[in-house]
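Encoded as structure tokens, the structure appears first; notes follow it.
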Amino acid sequence: GFMKARISITLGTAALLLAGVASAQDAADAVIFGAYYECNQATESRADELFESTIAGVYDKHLAAGHLLSYGWLSHQIGDRYRRLGYMVAPDMNTMLDTRDAIIEDLQTNHAEAAGEFNSICTSHDDYIWSRVASSNPDMTAERPEIGISQYYYCNVAKETDADAIVQEAFAPILNRHVEAGNINSWAFHSHVMGGPFRRLFVIDGADAKSVMAAWGQINQDLEAEVGDAATEFSEICGTHHDYMWNIDVSKP
């Protein structure tokens with residue numbers, strides 16, 4: 001059966017695990033690499049099998065060695081053209097770049113058949129590198145959820161640090177309240193380091209699709225009611241976004 005390791009994170013909330021794994025300084029330097037795949041929907045479940053049977057083992061070696069803090073594999077539930085998302089979190093940029101090169105070389109050298117079949121199913125992808133701006137800090141031992149909602153924002157680059165400050169100062173207390181109430185498992189907000197056109201990424205994790213959607217609606221109502229001016233300013237800076245709901249199929253540790 002497919003790996004249901006539910007110590008789950010989405011691309012964004014991957015970094016939430018760092019607090020328990022690394023020192024505060026390491027966590028501040030951590031970067032997330034995400035590969036967003038377009039796949040053949042008729043055969044994409046085979047790509048999931050290949051990830052579980054072969055590709056994940058290559059990642060596991062780097063996790064055990066401390067090169068990676070976490071990694072995961074997510075499948076599309078609702079959203080745009082991306083069907084799968086593989087991510088990994090490293091303590092710093094240089095480690096990320098070295099580890100990515102090593103993983104690619106390992107797959108091409110030792111698992112060429114599986115890698116080739118995978119690439120024939122998920123034929124193209126967009127890469128992003130993200131760094132954490134703000135997040136909740138969930139209990140490392142808590143049971144992880146199955147669903148993540150991600151919002152990928154286009155922003156006015158000249159003002160996007162203002163958006164970061166709004167999230168840190170105005171939004172965070174409200175978001176943390178929803179974590180404490182159990183409405184969501186965690187949240188995170190990340191900034192673009194390298195990759196495609198999206199500039200910011202906002203993520204919330206929840207137990208299932210219905211509860212996370214309900215929480216998302218309530219959070220938006222609370223933001224509007226309690227920090228409406230800040231929410232309006234944020235929307236003016238990061239005015240357009242693409243929404244995804246991901247199934248968190250694999251995540252480690």
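Residues take their numbers from the sequence shown, with the count starting at 1. Computed over heavy atoms, backbone and side chain alike; hydrogens, waters and symmetry mates excluded.
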Under a plain distance cut-off of 3.5 Å, with no hydrogens placed, do [Y] and [X] share a side-chain donor-acceptor pair?
X: Tyr36; Y: Asp127; value: no
X: Ser186; Y: Ser136; value: no
X: Asn176; Y: Trp187; value: yes
X: Ser45; Y: Asp48; value: no
X: Glu44; Y: Asn40; value: no
X: Asp243; Y: His241; value: yes
X: Arg83; Y: His76; value: yes
X: Thr95; Y: Asp98; value: no
X: Asp126; Y: Tyr37; value: no
X: Thr43; Y: Arg46; value: no

Applying the ring pair (Phe, Tyr, Trp, His ring centres under 6.0 Å) criterion to Phe198, which one of Tyr244, Tyr152, Tyr153 satisfies it? Tyr152
Using side-chain heavy atoms (C-beta onward) and a distance below 4.5 Å, is [X] in contact with [Y]?
X: Phe234; Y: Val167; answer: yes
X: Arg199; Y: Val157; answer: yes
X: Leu68; Y: Lys252; answer: no
X: Arg177; Y: Glu226; answer: yes
X: Tyr154; Y: Pro197; answer: yes

Taking the ring of Phe171 and the ring of Phe189, is the distance between their centroids below 6.0 Å?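 They do not qualify: ring centres at least 6.0 Å apart.
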Would you say Val193 ends up clustered with Phe33 if hydrophobic residues are merged whenever their side chains have heavy atoms under 4.5 Å apart, either directly or through other cluster members?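 Yes, same cluster.
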Shortest non-hydrogen separation from [X] to [Y] and the atoms involved:
X: Phe118; Y: Leu50; answer: N-CD1, 3.6 Å
X: Val58; Y: Leu107; answer: CG2-CD2, 3.8 Å
X: Ile174; Y: Val227; answer: CD1-CG2, 3.9 Å
X: Asp222; Y: His178; answer: OD2-NE2, 2.8 Å
X: Ile184; Y: Ala215; answer: CG2-CB, 3.5 Å

Between the OG1 atom in Thr109 and the NE2 atom in His111, the distance rounded to the nearest 0.5 Å is 9.0 Å
Mind checking the CD1-CE spacing from Ile78 to Met213? Nearest 0.5 Å is all I need.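 Answer rounded to 0.5 Å: 6.0 Å.
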Counting heavy atoms not belonging to Asp229, are there more than 12 under 6.0 Å from its CG?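 No, CG of Asp229 has 12 or fewer neighbouring heavy atoms, counting only those of other groups under 6.0 Å.
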Does Gln77, at its CD atom, have more than 12 non-hydrogen atoms belonging to other residues, nucleotides or ligands within less than 6.0 Å?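 Correct, the count exceeds 12.
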Angle between ring planes, Tyr59 versus Phe51, binned at 30° and 60°: parallel, tilted or perpendicular? tilted
Quick one: sort the His192 and Tyr128 rings into parallel, tilted or perpendicular, breaks at 30° and 60°. perpendicular
Evaluate Ile219 against Leu175 for side chain to side chain contact (heavy atoms under 4.5 Å, CB included), listing each step before the verdict. CA-CA 7 Å; Ile219 287 166; Leu175 291 160; 3.8 Å; yes
Answer yes or no: is there a donor N or O on one side and an acceptor on the other, between the side chain of Asn156 and the main chain of Ala158, under 3.5 Å?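 It does hold such a pair.
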Backbone of Val133 reached by a side-chain donor or acceptor of Gln168 within 3.5 Å: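 A pair under 3.5 Å: yes.
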Side chain to side chain contact (heavy atoms under 4.5 Å, CB included), that's the test. Do Leu201 and Ser150 meet it? Break it down for me. CA-CA 7 Å; Leu201 166 58; Ser150 297; 3.8 Å; yes
Could you walk me through whether Ile32 and Met88 satisfy the side chain to side chain contact (heavy atoms under 4.5 Å, CB included) test, starting with their C-alpha distance in whole Å, then the side-chain angles of each, then the deciding distance to 0.1 Å, before giving a yes or no? CA-CA 6 Å; Ile32 306 161; Met88 54 183 174; over 6 Å; no
Going through the checks in order, is the side chain to side chain contact (heavy atoms under 4.5 Å, CB included) test met by Asp164 and Arg200? CA-CA 9 Å; Asp164 296 343; Arg200 291 295 185 275; 2.7 Å; yes
ring-ring contact (aromatic ring centres under 6.0 Å, His included) between His125 and Tyr82: does it pass, once the steps are laid out? CA-CA 8 Å; His125 65 275; Tyr82 298 126; 9.8 Å; no
Checking ring-ring contact (aromatic ring centres under 6.0 Å, His included) for the pair Trp216/Phe202: CA distance, chi angles, key distance, verdict? CA-CA 12 Å; Trp216 183 241; Phe202 181 62; 5.5 Å; yes
